[in-house]
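Below: the structure, in structure tokens.
Side-chain atoms are counted along with the backbone in the values below, which use heavy atoms only and exclude waters and symmetry mates. Every chain is numbered from 1 and lettered A, B, ... according to where its sequence line falls, protein lines coming before strand lines.
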Amino acid sequence: MKVGYGWILLFSAARAFWIPPTRHTSPHRLISLISGSVSGTSVFANNAGVYVHIPFCRRRCRYCDFAIVPVGSEDRTGFAHLNDQYTTALLHEITHHPSANLNHTITSIYFGGGTPSLAPISTLRAIFEKLYEQFHVAPDCEITIEMDPGTFDFAKATALRDMGFNRISLGVQSFNDTILESLGRIHRKIDVMNALQILQKVWGDDLNYSMDLISGLPGLSVAEWVNTLENVIHLQPRPNHLSLYDLQVEPGTVLGRWYSDSITKSTSSSSSSSLVTTLSLPSDEEASFMYKYASGYLRYYGYEHYEVSSYATPGHQSQHNQVYWAVDGEWYAFGLGATSHVKGQLVARPRTMADYLKWVYEPAVSLPSPTSWQDRLLDIVLKRLRTKEGLSLPWIGETFGSNYQNAIRRGAELGVDLALAHLDEEHGILTLTDPHGLLFSNSIISTIFAELENLPEWSTVKENQKTAV
Amino acid sequence: MDLERERGITIKLQAARVLYTAKDGETYCLNLIDTPGHVDFSYEVSRSLAACEGALLVVDASQGIEAQTLANVYLALENDLEVIPVLNKIDLPAAEPERVALEIEETIGLDCSDIVHASAKAGIGIEDILESIVQKVPPPPAATGGPFRALIFDSYYDAYRGVIVFFRVVDGEINSGDKVRFLASAAEHDVSEIGIMQPNQVPTQALRAGEVGYLWGNIKDVLDARVGDTIVLSKEYKLRKADVKNDEEPIEPLPGYADSVPMVYCGLFPVDADDYESLRVALGKLRLNDAALSYEPETSGAMGFGFRCGFLGLLHMDVIQERLQREYDIDLIVTAPSVVYKVQKNEGKEEVIIDAPSKMPDLGRNDVALEPYVKMDILTPSEYNGAIIELGQERRGVLIDIKYLTPTRSTITYEIPLGEVITDFFDQLKSRTQGYASMEYSIIDYRESDLVRLDVKINYENAPALACIVHRDKAQQVGRRLCASLKELIPRQMFKIPIQACIGVKIVASEHINPMRKDVLAKCYGGGKSKYV
């Protein structure tokens with residue numbers, strides 16, 4: 001798209017309307033900016049997202065290191081009490097969060113977990129109402145809930161729709177029952193198909209759903225992965241969003257115990273299922289192929305690969321996730337282990353239930369200091385390069401200084417030489433190539449970080465516009 | 001010392017004077033010195049033995065004779081001491097007094113027919129021990145009538161009083177207020193106080209031949225009063241100096257003094273370069289109380305500034321490292337040290353000192369490389385002769401002689417490069433001989449050696465910090481080990497990385513690191529960069 005003069009005109013038009021902090025003139029959010037001004041959204045259009053964490057799960061999957069609380073099943077007697085306690089605390093947190101009086105418009109709400117679909121409708125409704133009470137929610141706000149197949153029925157789905165949820169994220173991970181069992185997932189392929197049927201019945205043509213899948217799983221061959229993707233394409237209706245994650249074996253998880261860095265075969269003899277000990281992790285070569293194949297295949301079928309792990313049909317990118325990757329994106333977060341980022345401050349909540357409950361009811365202690373300008377810059381580089389839109393070097397130059405712009409250019413040189421990164425000289429936009437650049441995003445970003453951190457001015461504290469707003 | 005209590009060992013000497021009324025009705029004055037048993041401190045042990053007439057060989061009745069037992073006994077016998085065997089810990093259920101007594105008789109040859117059975121913890125046999133001392137240990141020899149001489153067997157640094165010196169008077173008399181001279185260091189000091197240990201320090205006016213005591217007098221440096229040195233009175237020294245020729249000692253020093261020779265070396269580098277000063281100060285403070293610790297500055301391309309330190313042994317090294325980390329809170333990197341080489345160019349006209357591998361030039365046809373050699377005497381039970389000779393061969397030693405001191409004990413003499421000694425030779429010697437062998441060495445000269453500089457190339461680029469100087473015959477072996485270690489340590493990159501060890505352009509060993517196939521963080525949502533890079 002040729003921007004040129006039109007860009008400058010809109011730029012100044014935008015300026016006339018609002019009194020924005022620097023970030024709003026970032027070309028990175030150009031699209032939403034234009035649409036915002038055209039639709040005449042209100043004058044307090046500081047957009048933000050809200051994340052709510054529902055930590056309950058039936059059990060902990062073998063790859064999971066999130067802040068979750070395994071509860072067995074919802075019929076367990078203890079669950080009601082635990083849920084009450086948690087919900088009360090959560091509502092308390094939402095009511096008393098310190099940013100209550102910022103003029104944000106909420107454009108996305110995300111209920112994540114854990115397994116939010118395990119929470120009783122009453123809980124979800126109470127939280128919903130509280131959010132609307134405390135925040136100014138945009139009428140076209142994207143409201144997502146994560147759901148696992150087998151944890152909801154027609155009635156529940158209907159109630160969720162009626163409440164206002166307009167997007168579902170379905171945790172599938174794989175269509176292969178053997179693999180699902182090995183991961184400790186409680187659902188099987190049949191449950192996925194049933195879940196989809198329910199969703200289709202309830203939301204009909206309005207159904208806007210995303211599906212989570214994991215590549216590089218133990219026992220997953222390249223052929224089986226190809227089959228997984230084919231399964232997705234043949235779903236009726238197809239998901240209009242996909243999150244494809246390359247498996248990260250995390251320390252402290254069961255898979256972390258079974259598969260350490262240097263071995264690809266599980267050597268544990270004490271695992272519960274003898275089945276698992278014979279499943280090997282795909283080699284790096286195979287996992288890398290799975291990533292690249294998915295990218296080509298899905299793009300062929302009309303999905304846009306808009307972030308390292310995210311695919312969407314046009315117009316169906318996750319609004320909520322976009323906030324995470326936007327320059328100076330702001331989001332509130334409530335619940336166990338959730339991390340919020342408002343006014344340049346990153347606040348992480350405690351990850352264990354006991355600590356979280358204690359934290360919620362403690363009088364507000366002094367907030368952590370805002371993100372340093374160095375961290376802000378690194379954050380922006382990291383996040384923008386992971387997206388298809390990329391990083392605007394001229395904007396970096398304007399906002400931070402040309403020396404940083406040049407450092408990034410230097411750091412990206414090797415990537416550009418290896419055809420892993422691409423610099424659009426005309427507009428100064430740096431992107432990582434799809435799929436190879438994205439596949440090595442860590443290395444390229446690290447190299448750029450190293451260039452930045454080596455600058456002599458990196459370790460001096462600066463005033464003026466370099467501090468985070 | 002905390003360390004002593006923790007490890008259950010004695011590191012520092014303790015002395016005590018006991019007045020004991022024996023069965024014959026006489027009251028005897030016994031001067032007792034407790035010595036460290038550990039091999040690292042054998043020099044200190046030998047000096048304290050030199051200060052004594054007799055020795056109690058205390059053997060654990062449940063453990064029996066250990067390597068160190070033998071080493072100490074031989075030291076005592078060599079010093080012509082009357083050795084009295086004692087069985088200790090007989091109260092333990094695992095005690096086997098008869099078997100151990102027999103072992104002592106057979107291995108050492110001491111008569112154990114009336115060996116004392118004792119338990120220090122239970123208080124059994126203590127009087128019997130004292131009786132046997134009175135009966136068997138000869139009294140100190142009569143003073144010769146010559147000038148005051150005393151043998152230092154220990155010293156330590158006290159923050160308020162300076163160095164406290166423990167000594168045994170061999171001849172003459174010393175009084176509080178006298179001015180003394182230490183022969184080896186030629187230092188002179190006024191004595192503020194002398195006294196005896198009971199075991200706490202009790203001042204007295206005078207000490208005479210045969211007595212054991214301490215003195216202090218504003219002595220700042222423990223190197224002034226070294227273990228094994230002789231103390232004389234300044235005025236007596238000056239009187240006699242007038243009568244003798246220029247380089248003769250006016251008062252004959254007591255025999256057996258020797259500078260402590262480090263057996264084990266290592267490089268100590270602070271993890272944080274800012275800690276270098278603290279490390280220097282800390283080493284200085286440790287040396288105040290430990291004359292055996294030696295250190296000098298060392299720089300390394302890879303590690304920056306640090307020190308090359310010499311120790312009496314591995315325990316000594318261990319203790320010093322632990323004290324540096326614990327008491328001075330310095331994080332250390334410990335490295336294997338190196339020796340100083342020499343290169344003669346232009347047929348001996350030019351000599352270059354090589355104290356770092358990077359200084360080693362490529363040798364032309366007429367250039368000669370030299371390394372320091374030492375003469376080493378290894379004292380060992382004869383059954384380990386084979387193992388020791390194997391070790392010597394491995395370390396490029398030249399066997400000079402094997403002498404049999406007794407049918408079961410030998411001395412093996414080697415001439416061996418110092419570079420092969422200062423790493424883990426001592427440790428190897430001990431482990432191959434179950435701890436029974438001991439070694440002594442001294443530097444002889446620099447000798448021609450086929451030395452080469454082993455370079456390391458990573459991704460075809462030379463890494464000077466990793467270079468080392470080795471003997472050509474060892475180059476391949478060392479090179480292979482180096483490459484294997486580097487392969488493990490260096491992280492993978494997006495391309496294949498060859499690692500090569502070479503002498504000049506010739507590659508003697510190589511490895512490669514496979515490239516990574518992907519390097520991506522799957523999830524990057526609101527949790528900050530904690531999982532990143």
Side-chain angles (χ1 to χ4, degrees), chain A residues 49 51 66-67 110 112 214-216 243-248 250 283-292 307-309 320-321 323-325 329 331 333 337-341 346-348 371 375 378-379 382-383 386 414-415 418 420 435-446 449-450, chain B residues 270-277 301-305 331 457-466 480-500 509-533:
Chain A
Y51 175 84
F66 285 179
Y110 194 100
I214 309 180
S215 64
S243 295
L244 261 55
Y245 301 116
D246 173 41
L247 177 71
Q248 321 262 182
E250 301 287 1
S283 67
D284 267 7
E285 193 103 42
E286 289 173 308
S288 144
F289 180 84
M290 287 181 201
Y291 184 88
K292 295 187 280 197
E307 189 264 349
V308 168
S309 302
H320 189 77
N321 290 348
V323 172
Y324 293 143
W325 304 321
W331 64 91
T339 306
S340 59
H341 183 246
L346 206 61
V347 178
T371 319
D375 280 344
L378 294 181
D379 212 47
L382 162 66
K383 288 177 175 175
R386 286 174 63 94
L414 176 65
L418 295 172
L420 300 175
H436 292 93
L438 294 173
L439 194 56
F440 284 100
S441 43
N442 267 12
S443 308
I444 300 166
I445 294 173
S446 305
F449 277 12
Chain B
V271 170
D272 186 350
D274 292 334
D275 275 342
Y276 177 77
E277 262 311 298
M303 318 270 272
F305 294 98
D331 281 325
K457 292 206 176 109
I458 300 180
N459 203 27
Y460 304 115
E461 256 180 55
N462 194 24
L466 296 170
R480 248 189 260 134
R481 271 208 326 258
L482 248 178
C483 288
S485 299
L486 287 169
K487 179 176 174 156
E488 295 304 308
L489 291 170
I490 298 177
R492 289 163 73 172
Q493 302 296 318
M494 292 200 287
F495 39 88
K496 182 164 155 176
I497 304 175
I499 303 173
Q500 294 149 329
S510 80
E511 283 281 2
H512 69 266
I513 302 172
N514 282 320
M516 58 178 157
R517 296 293 174 194
K518 60 183 178 82
D519 186 12
V520 58
L521 181 70
K523 295 194 184 194
C524 180
Y525 299 120
K529 286 198 310 302
S530 52
K531 279 210 185 155
Y532 208 87
V533 231

Parallel, tilted or perpendicular: rings of Tyr324(A) and Tyr525(B) (30°, 60°): tilted
Distance, nearest 0.5 Å, that separates CG of Asp246(A) from NZ of Lys523(B): 11.5 Å
Donor-acceptor under 3.5 Å (Gln248(A) side chain, Ala522(B) main chain): yes
Beyond-backbone contact of Asp519(B) with Leu439(A), side-chain heavy atoms, under 4.5 angstrom: no
Which portion of Leu244(A) sits near chain B, non-hydrogen atoms under 4.5 angstrom: neither
Heavy-atom check, side chain of Val520(B) versus side chain of Val308(A), under 4.5 Å: yes
Crowding at CZ, Phe305(B) (>12 non-hydrogen neighbours, <6.0 Å): no
Any side-chain heavy-atom pair of Tyr291(A) and Lys518(B) under 4.5 Å: no
Most chain B-contacting option - heavy-atom pairs closer than 4.5 Å, from Tyr51(A), Tyr245(A), Trp325(A), Phe289(A): Tyr245(A)
Non-hydrogen side-chain atoms of Asn442(A) and Met516(B) separated by less than 4.5 Å: no
Where Arg517(B) and Phe440(A) come nearest, the two heavy atoms and their spacing: O-CZ, 3.2 Å
Part of Leu418(A) lying under 4.5 Å from any heavy atom of chain B: side chain
